[in-house]
Amino acid sequence: MAPFNYTGTSHSVFILLGIPGLEEQHLWISLPFFISYLVALFGNITLILVIIAERSLHEPMYLFLCMLAAADLILSTTTVPKALAIFWFRAGAISLDGCVTQIFFIHATFIAESGILLAMAFDRYVAICDPLHYSTVLSHVVIVRIGLAVVLRSFCVILPDVFLVKRLPFCRSNVLPHTYCEHMAVARFACADIRVNVWYGLSVLLSTVVLDALLILVSYGLILHTVFRLPSRGARQKALGTCGSHLGVISMFYLPGIFTIITQRFGQHVPLHTHILLANVCMLAPPMLNPIIYGIKTRQIRERVLSSLSSPWKLC
């Protein structure tokens with residue numbers, strides 16, 4: 001890409017269009033967004049309160065789940081309210097600072113969730129492959145350190161994105177065909193060389209989310225190796241049963257993203273609004289479905305929630 005020598009004015013305000021090409025259906029499209037957001041809020045807040053209130057759930061797996069629920073709340077709250085404002089009030093205007101803030105929280109939270117899922121996979125590995133040392137390896141001090149490491153990693157690798165976007169001059173169109181600000185979607189509107197943004201974004205993706213996914217695959221490979229060496233069928237089923245919820249959450253996190261990438265890479269003739277809808281599924285589905293998956297699969301959480309619904313003050 002040839003270097004630019006731009007000295008004119010730069011846009012300080014952008015206009016988010018929502019779902020381009022489907023503006024007339026925005027009111028109807030807003031319904032699943034609104035319902036998903038309500039379910040995500042209720043489910044994740046309930047999950048956090050249940051885990052905090054129930055002492056029997058103060059185990060590594062559920063403490064990691066509490067972190068995941070907090071990340072889901074941040075992710076959905078960063079994106080959905082703005083999308084609803086676009087759908088309901090056509091309030092698509094967002095300042096450059098607001099756009100950069102949204103970019104930071106979306107990407108940092110996404111990477112944090114990937115790190116938490118890796119920590120949960122490590123938890124399952126230790127619980128199944130080295131159960132005698134489980135409480136020693138994953139003590140509360142270690143869990144706190146893992147949580148801090150996840151947050152610190154997300155902050156450190158995404159903070160440069162803020163400066164990479166802020167340095168760019170935006171002299172082209174300030175209309176973004178999306179419901180939220182995304183790093184490369186915004187950078188492509190710059191009238192400057194964005195190769196640094198492209199390569200840095202790719203390196204962050206490979207060194208965090210992709211690396212986490214590979215390590216999760218390795219951990220489950222070791223888990224399966226251990227499980228299939230167990231002497232009884234019942235023991236194998238019990239061991240695999242403890243991984244069911246985690247595998248469901250991993251699927252909800254990675255599969256929509258993989259499908260979106262494949263569509264963007266090979267679906268040149270796919271309409272733009274389909275790409276935008278798929279990108280929003282990545283933001284909507286995990287926060288909404290994660291608490292449902294764990295609520296259904298985990299007896300302690302299910303019983304505590306049902307008990308709390310019958311007597312709401314017990315949750316506090």
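Any value given below was found using the heavy atoms of this structure, including those in side chains, with hydrogens, waters and symmetry copies removed. Counting from 1, the numbers follow the sequence of the chain as shown.
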Does the side chain of [Y] come within less than 4.5 Å of [X]'s, by heavy atoms?
X      : Y      : value
Leu73  : Leu41  : yes
Leu164 : Asp161 : yes
Ile94  : Cys181 : yes
Leu272 : Pro177 : yes
Pro160 : Val204 : no
Ile276 : Leu22  : no
Leu27  : Ser30  : yes
Ser114 : Thr208 : no

Can you name the nearest heavy-atom pair linking [X] to [Y], along with the distance?
X      : Y      : answer
Asp123 : Pro60  : OD1-CB, 3.2 Å
Thr109 : Ala71  : CG2-O, 3.1 Å
Ser207 : Ser203 : OG-O, 2.8 Å
Ile86  : His178 : CD1-O, 4.5 Å
Ala40  : Ser76  : CB-OG, 4.4 Å
Ser251 : Pro256 : O-CD, 3.6 Å

Exercise for review: Give a yes or no on whether Phe34 atom CZ has more than 12 heavy-atom contacts from other residues, nucleotides or ligands under 6.0 Å away.
Suggested key: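 Counting neighbours around CZ of Phe34, 12 or fewer heavy atoms of other residues, nucleotides or ligands fall under 6.0 Å, so no.
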Under the side-chain hydrogen bond (donor to acceptor under 3.5 Å, both in side chains) definition, can you give me all pairs with a residue in residues 232-241, not counting sequence neighbours?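 Sorted pair list comes back empty.
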**Request:** Taking side-chain hydrogen bond (donor to acceptor under 3.5 Å, both in side chains) as the test, write out the residues that go with Arg302, two or more places apart.
**Result:**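 Here no residue qualifies.
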| task | Taking side chain to side chain contact (heavy atoms under 4.5 Å, CB included) as the test, write out the residues that go with Val218, two or more places apart. | result |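 For Val218 the side chain to side chain contact (heavy atoms under 4.5 Å, CB included) partners, ignoring immediate neighbours, are Leu222.
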same_hphob_cluster([X], [Y]) at 4.5 Å side-chain heavy-atom cutoff:
X      : Y      : value
Val151 : Ile74  : no
Val281 : Ile293 : no
Leu65  : Leu63  : yes
Met120 : Leu148 : no
Phe170 : Val175 : no

Item checked: Asn44 side-chain N/O to Pro287 backbone N/O, donor-acceptor pair under 3.5 Å ->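 The answer is yes, because a donor-acceptor pair under 3.5 Å joins these two groups.
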* Asked: Between Gln102 and Glu182, is there a donor-acceptor pair closer than 3.5 Å when you use the side chain of the first and the backbone of the second?
  ->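 Checking the backbone N and O of Glu182 against the side chain of Gln102, no donor-acceptor pair under 3.5 Å is found.
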- Task: Could you name each residue pair satisfying ring-ring contact (aromatic ring centres under 6.0 Å, His included) that touches residues 90-122, not counting sequence neighbours?
- Result: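 Listed by first then second residue: Phe104-Phe155, Phe110-Phe253.
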- Item | Pairs satisfying ring-ring contact (aromatic ring centres under 6.0 Å, His included), at least one member in residues 198-238, at least two apart |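 Found Tyr220-His246.
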Nearest 0.5 Å please: distance from the [atom1] atom of [X] over to the [atom2] atom of [Y].
X      : Y      : atom1 : atom2 : result
Ile250 : Leu217 : CD1   : CG    : 8.5 Å
Ile111 : Ile158 : CD1   : CD1   : 3.5 Å
Asp193 : Leu168 : CG    : CG    : 9.5 Å
Ile15  : Leu176 : CD1   : CG    : 8.5 Å
Arg188 : Ser173 : CZ    : OG    : 14.5 Å
Tyr134 : Glu59  : OH    : CD    : 6.0 Å

Point to revise | Derivation of the side chain to side chain contact (heavy atoms under 4.5 Å, CB included) call for Val162 and Thr101 | key: CA-CA 8 Å; Val162 173; Thr101 301; over 6 Å; no
Intermediate values then yes/no, side chain to side chain contact (heavy atoms under 4.5 Å, CB included), Phe33 and Ile29:
CA-CA 7 Å; Phe33 275 72; Ile29 293 172; 3.7 Å; yes
Query raised in the report: Picking from Phe89, Phe87, Trp88, what satisfies ring-ring contact (aromatic ring centres under 6.0 Å, His included) with His26?
Result: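 When Phe89, Phe87, Trp88 are each tested with His26, the ring-ring contact (aromatic ring centres under 6.0 Å, His included) holds only for Phe87.
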Name the atoms and distances for all side-chain donor-acceptor pairs under 3.5 Å in residues 47-57, with sequence neighbours left out.
residue: Glu54; atom: OE2; partner: Ser56; partner atom: OG; Å: 3.2

Between Thr226 and Tyr125, does the side chain to side chain donor-acceptor pair (under 3.5 Å) criterion hold? Intermediate values first, please.
CA-CA 9 Å; Thr226 300; Tyr125 165 76; over 6 Å; no
Worksheet entry | Pairs touching residues 26-82 that satisfy disulfide (SG to SG under 2.5 Å), sequence neighbours left out |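 Counting only pairs at least two positions apart or across chains, no disulfide (SG to SG under 2.5 Å) contact touches residues 26-82.
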Which other residues belong to the hydrophobic cluster containing [X], where Ile, Leu, Val, Met, Phe, Trp and Tyr are joined when side-chain heavy atoms lie under 4.5 Å apart, directly or via other members?
X     : answer
Leu31 : Trp28
Leu75 : Ile106, Tyr180, Met283
Val13 : none

Determine all donor-acceptor pairs shorter than 3.5 Å in which one atom belongs to a side chain in residues 137-146; sequence neighbours excluded.
residue: Ser139; atom: OG; partner: Val142; partner atom: N; Å: 3.4
residue: His140; atom: NE2; partner: His58; partner atom: O; Å: 3.3

- Item | salt bridge (Lys or Arg N to Asp or Glu O under 4.0 Å) partners of residues 91-113, not counting sequence neighbours, each pair once |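 For residues 91-113: Asp97-Lys166.
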key: Evaluation steps, side chain to side chain contact (heavy atoms under 4.5 Å, CB included), between Ser245 and Thr298   = CA-CA 8 Å; Ser245 300; Thr298 309; 4.2 Å; yes
